[in-house]
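Within every chain, numbering begins at 1; the chains are lettered A, B, ... in the order of the sequence lines, protein sequences first and strands thereafter. Bear in mind the structure is a predicted one, so any value in this text is a computation, not a measurement.
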There are 2 protein chains.
Amino acid sequence: MATEPLTSLDRSTLRERALDALRYAVTSGQYRPGDHLGEVELAGRLGVSRGTVREALRHLQQEGLVTPSARGMLRVRAYTSTEIRELFQVRAALEGLAVRLIIASPQRDTAVTALRHAVARLDERHRDFIAHVDADMAFHLLLCELSGNSMLTTSWQQLAGRIRTTVMARGEEQTTLMSGGYHAPIVDAIEAGDAGTAVDVLQQHMERAAERLAA
Amino acid sequence: MATEPLTSLDRSTLRERALDALRYAVTSGQYRPGDHLGEVELAGRLGVSRGTVREALRHLQQEGLVTPSARGMLRVRAYTSTEIRELFQVRAALEGLAVRLIIASPQRDTAVTALRHAVARLDERHRDFIAHVDADMAFHLLLCELSGNSMLTTSWQQLAGRIRTTVMARGEEQTTLMSGGYHAPIVDAIEAGDAGTAVDVLQQHMERAAERLAA
DNA sequence: AATCTGTTGACTGTTGACAGTCGGCATCGG
DNA sequence: CCGATGCCGACTGTCAACAGTCAACAGATT
């Protein structure tokens, strides 16, 4: 009588689900920078035990989304203007490597078309702010993935949370930064195939974004 | 009757100490890649509870030193030759940024002298392998710190464990890689002040190291 | 009034125990 | 001989409870 063939079960642990929930809550601004994250309160709210929440919180701490204050209590981390600029410098270095690798790769064309799709999504979703941010993050993540360097992707993802909070916190008035028009030149430069110029274009993109977001 | 004035107490938690102990055990090769790290065994060996060990292990997992295998059991992660090359490409990108920042900084001279000291330490300690590796790591970490970009330092440190295991695992016959002679050119290039050349020198250093270690 | 001293409440740090899952072995039926 | 089934041991996942620490407050002592 089964209408659906049996599908594989969800094997995710409570810790993983708690982690996702908390990460989303923080990076979407549900908790503002400086807010206190009490283990007991979160555990109660999520319906899991303190230990489980603790592990998730420690993970977020390592991601830089949360920072310990007095007596080990965790707060949502606030990033200063300087740190934001630094963050985007590091991004530029990492994604710059990605660009150089993509240009040097034999599958540059397929990479370019994939990136163009990602750029198109940026404009499709520009009405819903969160979806827009997601699309922006997806573009840059794709850039890293297309480089074929898995360590690069890993390193970038370690910064992803910080990037997301920054954009979420200060980017609402700066949605132009995430428009397709601002990203297309990067792809164009990759297609053109001159590594030096492409890296420059990317660098400018990052500097402009950092300046606006660090305001 | 106190011969010493009272000094501040050690406030580190068991988790932190367990983390240090485990990280050292893994990065120093006490556990070899592929070895199974059972929570109960480690807890017994360290004399702490499983929960405490768990948190430390999760941290190492995020650092990339251990990786989950079947049924959530953790093993010491083994890095393939490809991953080692990728890792050193990312290092090169990050430390390349550091070099550019140092050159652009007004305190380049003091940075250079600090780096020269670090290079000197490399040769002082070349007899004890572990101390030698420590000195090498210290040099590159210092490079990041002198850049003044805290995010850069953070990102680099996320890779530190991976780098250390790689060097520890395959670097014993390749100690020349860590000699002062191999590092001095980097500092020289920074002192000379031409960013392009300096980054090239660093890149070569990294490529050479990667090639030897990925053998 | 100023200062020292318990006390209380709100946290995190740490632990031991319970529950669930899986691989491997023995067992049983063909 | 071979496959299915049921048990056993070794794990991790999860939880509830205990212990320790600190800030803030109230009260006692000068």
Contact residues, residues 40-56 of chain A to DNA chain D [heavy atom, < 4.0 Å]: A:Val48, A:Ser49, A:Arg50, A:Thr52

note: B:Asp10, atom CG; D:dT21, atom P; distance rounded to Å ~ 13 Å

Run the salt bridge (charged side-chain N to carboxylate O under 4.0 Å, His left out) test against B:Arg208 and tell me which residues pass, sequence neighbours left out. none

For A:Asp20, which residues count as a side-chain contact (heavy atoms from CB on, under 4.5 Å) partner, sequence neighbours excluded? A:Arg23

Looking across every strand, which nucleic acid part, if any, lies under 4.0 Å from A:Arg58 by heavy atom: base, sugar-phosphate, or nothing? sugar-phosphate

Take A:Val76 and A:Leu65 through the test side chain to side chain contact (heavy atoms under 4.5 Å, CB included) and record every step on the way to the result. CA-CA 6 Å; A:Val76 176; A:Leu65 295 188; over 6 Å; no

Sorted by chain and residue number, the side-chain contact (heavy atoms from CB on, under 4.5 Å) partners of B:Ser69 (sequence neighbours excluded) come out as B:Met73, B:Arg75

Whole-Å gap separating P (D:dT14) and CG (A:Leu19): 12 Å

Among residues two or more places apart or on two chains, list those pairs meeting ring-ring contact (aromatic ring centres under 6.0 Å, His included) that have a residue in residues 29-70 of chain B. none

I need the CZ-P distance between B:Arg15 and C:dT12, as an integer number of Å. 12 Å

Show me the protein contacts with nucleotides 21-24 of chain C, counting only N or O atoms at under 3.5 Å.
from	atom 1	to	atom 2	distance (Å)
C:dC22	OP1	A:Arg11	NH1	3.0
C:dC22	OP1	A:Arg11	NH2	2.8

If I take atom CZ in residue B:Arg75 and atom P in nucleotide D:dA10, what distance separates them, rounded to the nearest angstrom? 17 Å

Mind checking what makes salt bridge (charged side-chain N to carboxylate O under 4.0 Å, His left out) contact with B:Glu95, not counting sequence neighbours? B:Arg91

Intermediate values then yes/no, side chain to side chain contact (heavy atoms under 4.5 Å, CB included), A:Glu211 and A:Arg85: CA-CA 7 Å; A:Glu211 241 14 82; A:Arg85 291 197 188 87; 3.1 Å; yes

Report the residues that fulfil side-chain contact (heavy atoms from CB on, under 4.5 Å) with A:Asp123, sequence neighbours left out, ordered by chain and then residue number. A:Ser179

So, using side-chain hydrogen bond (donor to acceptor under 3.5 Å, both in side chains) as the criterion, who are the partners of A:Glu55 when residues are at least two apart? A:Arg15, B:Arg54, B:Arg58

Residues two or more places apart in sequence or in another chain: which of them pass ring-ring contact (aromatic ring centres under 6.0 Å, His included) with B:Phe139? B:His183

Check every strand shown and say whether A:Leu37 touches a base, only sugar-phosphate, or nothing at a heavy-atom separation below 4.0 Å. sugar-phosphate

In whole angstrom, give the distance that lies between atom CG of A:Leu57 and atom C1' of C:dC11. 13 Å

side-chain contact (heavy atoms from CB on, under 4.5 Å) against A:Thr67, all qualifying residues, sequence neighbours excluded: A:Arg77

Gap between atoms CG and C1', on B:Leu14 and D:dC18 respectively (whole Å): 15 Å

Nucleotide nearest B:His36 when distance is taken to its side chain, options D:dC11, C:dG13, C:dC11: D:dC11

Residues in contact with DNA chain D, drawn from residues 60-68 of chain B - heavy-atom cutoff 4.0 Å: none

